[in-house]
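First comes the structure, then the notes that go with it.
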Amino acid sequence: MNPRRKQRLMAFSAVILVVGGAIGLMLYALGQNIDLFYTPTELVEGKKGVKPQVGQRLRIGGMVVPGSVKRVDDSLAVSFDLVDTGPVVTVSYQGILPDLFREGQGIVATGVLTAANHIEAEEVLAKHDEEYMPPELAEAMKGIKHVKPSEAVYGDKG
């Protein structure tokens, strides 16, 4: 092999090695910042057989258990329970809750797992009303019987 070709091959190999190393380091750094999403059941029982570790950053979504919201009078601290179809998980939050937050409403909280069934939330997001439908779609769907998601899951509340 001629020396000039050998030099080009070495330079090309070095560039590929550096680019590959940079991509590997970026993926490693991103992997540590990913917030995995769990439901209360997956958090307590594990997701595909793997339970999250205490101290892990995660997101959890579920329904706020009616009667579980506890506020501290002289601060913005609040705690409440979340449930899906199984175990209950307690969420503690320090801050102003969203306007749509209420008991029986679906929420998503981002925070750190402090115990097997307790989360210190840094952010709480309330889900919007599932009943909303654009006027054009509502007009097109006149005459079609609509079953509310809450009635389909929990039975008739009437």
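We're numbering straight along the sequence, starting at 1.
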Locate the shortest heavy-atom distance separating [X] from [Y]; write the atom from each residue and the value.
X: Thr41; Y: Gly86; result: OG1-N, 3.5 Å
X: Ala121; Y: Val91; result: CB-CG1, 3.7 Å
X: Pro40; Y: Gly61; result: CD-O, 3.2 Å
X: Thr110; Y: Arg57; result: CG2-NH2, 3.8 Å
X: Ala77; Y: Gln94; result: CB-OE1, 3.2 Å
X: Leu125; Y: Glu123; result: CD2-OE2, 3.7 Å

Report yes if the side chains of [X] and [Y] come closer than 4.5 Å at any heavy-atom pair, otherwise no.
X: Val88; Y: Asn117; result: no
X: Glu42; Y: Ile60; result: no
X: Leu43; Y: Ile119; result: yes
X: Ser13; Y: Leu9; result: yes

Does any pair with a residue in residues 61-82 pass side-chain hydrogen bond (donor to acceptor under 3.5 Å, both in side chains), and if so which ones, sequence neighbours excluded? Asp81-Thr90
Going hydrophobic residue to hydrophobic residue with side-chain gaps under 4.5 angstrom, can you get from [X] over to [Y]?
X: Leu27; Y: Val19; value: yes
X: Val15; Y: Met26; value: yes
X: Phe12; Y: Leu17; value: no

Could you measure the distance from the [atom1] atom of [X] to the [atom2] atom of [Y]? Nearest 0.5 Å is fine.
X: Leu82; Y: Ile107; atom1: CG; atom2: CD1; result: 4.5 Å
X: Leu97; Y: Arg102; atom1: CG; atom2: CZ; result: 13.0 Å
X: Lys51; Y: Glu45; atom1: NZ; atom2: CD; result: 8.0 Å

By ring-ring contact (aromatic ring centres under 6.0 Å, His included), which residues pair with Tyr93, not counting sequence neighbours? none
Under the ring-ring contact (aromatic ring centres under 6.0 Å, His included) rule, collect the residues that match up with Tyr38, sequence neighbours excluded. none
Is it the case that atom CG in Asn2 sees more than 12 heavy atoms from other parts of the structure closer than 6.0 Å? yes
Strictly distance-based, threshold 3.5 Å: is any side-chain N or O of Glu103 a donor or acceptor partner for the main-chain N or O of Gly67? yes
